[in-house]
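Excluded from the calculations below are hydrogen atoms, water molecules and symmetry mates; all remaining heavy atoms, backbone and side chain alike, are included. These numbers come from a predicted model, not from an experiment. Positions are given from 1, in the same order as the sequence printed here. Both ligands and their constituent atoms are indexed starting at 1 by order of listing.
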Amino acid sequence: MNDSSSQAAAVARGGPVPAGARRSWAVVGGGMLGLTLALRLVQRGHSVTVFEGAESLGGLASAWQVGDVTWDRHYHVTLGSDAHMLSLLAELGLDGDLEWGQTRTGVYADGTLHSVSDVVEFLRFPPLSPLDKVRLGATILYGAKITNWRRLEQLSVERWLTRWSGSRTFRTFWLPLLRSKLGDHYRITSAAFIWATTRRLYAARSAGMKVERFGYVGGGYARVLARFGEVLRSHGAKLELGARVASVGGAADGVRVRLSDDVTHDFDRVVVTTASPVTAKLVEGLGEQERRPHEGVRYQGIVCASVLLRRPLAEFYVTNITDDWVPFTAVIEMSTLVDADRHLGGHALVYLPRYTAPSDAVTTASDDEIRASFVAALERMYPAFSPDDVLAFRVSRVRYVFPIPTINYSQRLPGVQTSVPGVFAVNSAHIVNGTLNVNETVQLANRAVEVLER
Ligand SMILES: Cc1cc2nc3c(=O)[nH]c(=O)nc-3n(C[C@H](O)[C@H](O)[C@H](O)COP(=O)(O)OP(=O)(O)OC[C@H]3O[C@@H](n4cnc5c(N)ncnc54)[C@H](O)[C@@H]3O)c2cc1C
């Protein structure tokens, strides 16, 4: 076997590469994508340094403290169908720590909280006529069975949903839900978005339209990330925290990473996992044709409050909100799933997300203003809730959360391999036929590493 074929065989096995083929890699971004890429690279025998701008690992999946509780900064669950994530958890030795539960779903519409957790409740959901409900149910079932997402990508989500559910159901049911996740960006979103969303939720239900089964690792992502860090370090990876990368560019012999304090490090190769607009700024020497697709990806951001409460609000994990006076777009009551006595100090933990475009006023509101308006809305929505129930309130703001799947999105993807020798760019913009979730992120890393190794 010649050198390159033995190397290819070793790579295919995922085993160590021959000494001559070992490279020094930098991974920019210590979110789940960067960490999974780092793991795949060290498993292949490369030396890896991860540069994470924040003081802790995890990015969108990182953990933080709310009052005396440490839990995820943004609500996270794993589904039984998340094969890539479940297999990563097994690699990290955490599969035995998964805890599973069944959750209920609510809708807050016209000032009333409705349970829509099973078929009977769904059929009783008042704002729709019996015919509307049949068409709605058929749309969801049909969407979950479609396999050719490329065809859906050519149509606007508004057109597709109106065609299948009817214009009244689109206006009263789908539009508030689309607006809650996409704001006005729903107008430029393709039908592939709703297809990916309903498919994932459908997969979460253990039998058709019955109950949802969600899981989490005991200790939350704080535990997952601590273990991920240990495993990477045990493979020799270096994890540089609080290391904000200012630029990535060619060096005489390899690639140079410059940090915001002007310290530089040289590597054979670098993979940048930050959101596309950030990547376009960080990587020096990208041609116009390469930069434009990165700059052209439209993102939704988020303002998400973690609220620790003395007592629960309701029995629903997710409550979707269709009333537009409510300043957040859903209520996620984590403590309906997570064992509150063991993990949450006996308290209720609620997330109040509001997905945002960069121009939304809420992105510049102070934490106190957000707290005042969110708590006032809870008071109006839940008669038993009192502001005195709030033990702690913390606000997370992220400008780039997920790329909007616009019409024919997959035809405008930024490239993974750049024209700057040794520099690669992989991020959530490369998830073309799914919603943003850790399972997709891990799958993306597993696939992308094959391109990095070419
Ligand atoms: C509200 C919310 C709810 C979610 N719920 C779920 C769920 O229930 N289940 C699920 O599976 N997934 C969920 N997700 C999605 C999940 O969080 C993502 O799929 C995943 O975290 C994406 O990881 P990433 O590494 O691609 O991106 P990120 O986490 O954004 O990682 C990018 C990293 O790059 C770092 N960085 C940026 N600029 C620089 C720089 N210049 N130098 C160095 N580092 C830099 C950032 O600090 C960050 O750590 C949710 C996300 C959100 C926001």
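Taking each of Glu52, His76, His74 in turn, the one with a heavy atom nearest to atom 17 (O) of ligand 1 proves to be His76. When Phe402, Tyr75, Phe51 are ranked by how near their heavy atoms come to atom 5 (N) of ligand 1, first place goes to Tyr75.
Looking from atom 30 (O) of ligand 1 to the surrounding protein, the closest heavy atom is Leu60 CG, 3.6 Å. Residue, atom and distance of the protein heavy atom nearest to atom 8 (O) of ligand 1 are Val77 N, 2.9 Å. Of the protein's non-hydrogen atoms, Val401 CG1, 3.6 Å is the one closest to atom 53 (C) of ligand 1. Considering only non-hydrogen protein atoms, atom 41 (N) of ligand 1 sits nearest to Val245 O, 3.0 Å.
A distance of 6.0 Å or more separates the ring centres of Tyr108 and His114. Proximity of the aromatic rings of Phe402 and Tyr299 is defined here by a centroid distance below 6.0 angstrom, and this criterion is not met. Taking the six-membered ring for Trp and the full ring otherwise, the centers of Tyr186 and Trp174 sit at least 6.0 Å from each other.
Taking each heavy atom of Ser419 and Gly287 in turn, the nearest pair found is OG-N, 4.3 Å.
Using 4.0 Å as the threshold, Gly58 has a heavy atom nearer than that to some atom of ligand 1. For the ligand labelled ligand 1, residue Tyr221 lies outside the 4.0 Å heavy-atom shell. Not close to ligand 1: Ala275, with no non-hydrogen atom less than 4.0 angstrom away. Not a single heavy atom of Asn427 sits under 4.0 Å from any atom of ligand 1.
Only the side chain of Ile302 comes within contact range of ligand 1, with a heavy atom under 4.0 Å; no backbone atom does. Of all the heavy atoms of Tyr355, the ones lying under 4.0 Å from any atom of ligand 1 belong exclusively to the side chain. Contacts between Asn437 and ligand 1, counted as non-hydrogen atom pairs separated by less than 4.0 Å, involve both the backbone and the side chain.
Using a 4.0 Å cut-off to heavy atoms of Ala61, the atoms of ligand 1 that qualify are 21 (O). Near Leu33, with a cut-off below 4.0 Å to any heavy atom, the atoms of ligand 1 are 24 (P), 25 (O), 26 (O). Below 4.0 Å from some heavy atom of Val438 lie the following atoms of ligand 1, by number and element: 10 (C), 11 (O), 12 (N), 16 (C), 19 (O). Set against the non-hydrogen atoms of Gly59, the atoms of ligand 1 under 4.0 Å away are 29 (O), 48 (C), 49 (O).
For the pairing with Tyr351, the ring-ring contact (aromatic ring centres under 6.0 Å, His included) check across Trp71, Tyr75, Tyr317, Phe393 returns one residue only, Tyr75.
Glu91 pairs by the salt bridge (Lys or Arg N to Asp or Glu O under 4.0 Å) definition with Arg40, not counting sequence neighbours. In this structure, Phe173 has no ring pair (Phe, Tyr, Trp, His ring centres under 6.0 Å) partners at least two apart in sequence or on a different chain.
Between the side chain of Arg258 and the main chain of Val248, no donor-acceptor pair closer than 3.5 Å is present.
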